[in-house]
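Written below as structure tokens is the structure these notes are about.
Side chains included, hydrogens not; waters and symmetry mates left out as well; all remaining heavy atoms used. Labels below follow one simple rule: chain letters A, B, ... track the order of the sequence lines, proteins then strands, and each chain is numbered from 1.
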Amino acid sequence: MKSILRLNRRTYNEQKALLGFFYVLPWLLGFIFFFLIPLLSSLRYSLSSVQANSDGLIVHFSGFKNYLEALTVNTEFNRSLADSILNMIINVPLIVIFSLFLAVLLNQKFIGRSLARSIFFLPVILASGVILNLESTSLIQAVNEQNAGAGAIHGMGTFQLESLMLDAGLSEWVVDYLSNAVSRIYDIVSQSGVQILIFLAGIQTISPQLYEASKMEGATGYEAFWKITFPMVSPLILVNVIYTIIDSFSNNKMTDLIRETGFTQFNFGLSSAMAWLYFAAVTLILVISSFLISRKVFYYD
Amino acid sequence: MFATRLLSLERWKKWIWSLVRLTLLAGLSFVILYPILQKISTAIKDKGDLYSPIVIWLPEHYTLDNFIKAIDIMDYWQALLNTFTLSTLTTLLTAISCALAGYGFARLKFKGRSVLFAGVILTILVPPITILIPVYLNLKDFSLLGLVPLLTGKTVNLLNTYWPFILTSATANSLKAGLYIFIFRQFFRGIPKEVEEAAYIDGAGVGKTFYRIMLPNAIPSIVTVLLFSFVWQWNDSFFTTTYLTSSKVMATQLGSLPYNLAIMLEDGANSKADPFYLSMVQDTGILLAILPLIIIYLFVQRYFVESIERTGIVG
């Protein structure tokens, strides 16, 4: 009797496993056809010289020639890659810190909070794809900024603050970084919508008892932030750093270059090699940054 | 005496903090809203107002001329309809396939589950540009392992149709689909097992449990995925400009707007048309393209903010 029962249960589990496989099947098919095979053939192209003509593709294995060409011959590749990586290194900390700060602000109770929240998530909708590209070329915006004198006044303000900070003995590098951040505030705000959402969600899962207890003990809001909020959301800092890195790498100069090489010059081999080098760089950065951050992350449970 | 002074000090601190917060939030909100306000102000301006030194924000002559031009050049209503159809289609398919995959990964144990889930993570990490060319070539001569040529005699070209989007979204491999699978998986894992077991004991199968018990519980994550996928598909220029080069959708129309405008106003791209005027109509076009999203956002922003807090991405 018992063995029959056990047999039944096992078949039930087996049935469930089979069903589970069916649930994942659509994704698996797509994964194979639209991801794995393209990924492998992209790798193959990157190691070959590819010629497209009316009959189709002619692929000749040519070793690391394309990689060498991308790294040593192509005039733009190294520069764009360095540019993208540098931009990323500058932007990611700013975006993460800024979005954490805003999430804390938006979590406090005040009048018009829902309005403020909906304004701050607006960039999630607006700042993507073609709109952003066109916006950067908008002539009217540039001219109007000049006309309104915004540029001049803005520059002045930063300048004064800069000299103030330099006098206070901060290193020049830090001052430059900060004043740069101020002048690129729109970029930063517009890229941090999703990150604010994630942080906000994380902050709201922290139990209010912790804050209550700390208040009883006489902690100020500032201390409560560093001793409670910060450690509790630290896993999300990791998540957000990774998200920001991936996001910043999905559309920049580098991808434009790869696209152009592939689709207007029809040099598929070189384009694939560039794409793989790029992928390797992204992976390296992701591994390093997640290794560095995950050592500091605090897990509550 | 001392206590009241302390009280007032506390109160002062509170007031100052509110003031600082108000200033910060108002300033940053302005930074975010500035481009939109700018565009609205530009769009209702008359051509002559561009050079008027006294006009900065409020135009002297209101006109809808820019809108009429932009609508005309972009073939706006057609593009709107196309984009709406495309986004709705991919959004629905993506949500369904990602929910299925997410449930499979979260609750149904089968061999190789963790290996396959590593595959999901891989799709998130690999930049789409890496696989763009092979996918493009594959879609250009679509054969599905030689199955299609067997039936029709030759490969089909799927470019400039909606099929690339339908196929990738039905198989949960469209734009950022890995992220959606991750969201669903996290959420399904957060639903207590007891709920599911109760359904099994009452005699429901896996399919029925998923459909009747798990999905209604997962509404916050469904809303999140629907919203993100709709918005990102709407704004996407990466895949749209690759797969759909001649179809009229918002992204391609917007991208070619300056050029088309120059052609219409005068003869060809190197015409002597006023660049400011071109920019003006282009701004109107951008405004028109994001207007539907803003209208939708006004209605759903409440869910947008609330739902992500309960999706368990944070868990």
Applying side-chain hydrogen bond (donor to acceptor under 3.5 Å, both in side chains) to Q233(B) and not counting sequence neighbours gives none

Chain A heavy atoms under 4.5 Å from [X]: which part of the residue, side chain, backbone, both or neither?
X: F105(B); result: both
X: F117(B); result: neither
X: A170(B); result: backbone
X: L22(B); result: neither
X: L24(B); result: side chain
X: I181(B); result: side chain
X: L25(B); result: both

Check whether any side-chain N or O of S41(B) sits under 3.5 Å from a backbone N or O of L37(B) as a donor-acceptor pair, and report yes or no. no

Give, as side chain, backbone, both or neither, the part of [X] having an atom under 4.5 angstrom from any heavy atom of chain B.
X: F22(A); answer: neither
X: L106(A); answer: side chain
X: I203(A); answer: neither
X: L36(A); answer: neither
X: L25(A); answer: neither

Nearest atoms (heavy-atom pairs only) where [X] meets [Y]:
X: G104(B); Y: Y23(A); value: CA-CB, 4.1 Å
X: A106(B); Y: R113(B); value: O-NH1, 3.5 Å
X: W276(A); Y: L39(A); value: CZ2-O, 3.6 Å
X: F188(B); Y: R107(B); value: O-NH2, 3.3 Å
X: I32(B); Y: F120(A); value: CD1-CD2, 3.6 Å

Please determine which of P38(A), S272(A), S41(A) meets the side chain to side chain contact (heavy atoms under 4.5 Å, CB included) test together with I131(B). P38(A)

For F225(A), look at atom CZ and say whether over 12 heavy atoms of other residues, nucleotides or ligands are found less than 6.0 Å away. yes

Decide if atom CG of L298(B) counts as having more than 12 heavy atoms of other residues, nucleotides or ligands within a radius under 6.0 Å. yes

Quick check on the interface: out of [options], who has the most heavy-atom pairs with chain A under 4.5 Å?
options: V135(B), L33(B), V206(B); result: V206(B)
options: V120(B), L179(B), I124(B); result: V120(B)
options: T123(B), T168(B), L125(B), V31(B); result: T123(B)

For W234(B) and F230(B), take the angle between the two ring planes, folded into 0 to 90°, and tell me which bin it lands in: parallel under 30, tilted 30 to 60, perpendicular over 60. tilted

Between F21(A), F110(A), F35(A), which shows the greatest number of heavy-atom pairs under 4.5 Å with chain B? F35(A)

In terms of heavy-atom pairs under 4.5 Å with chain B, which of L29(A), V189(A), L105(A) leads? L105(A)

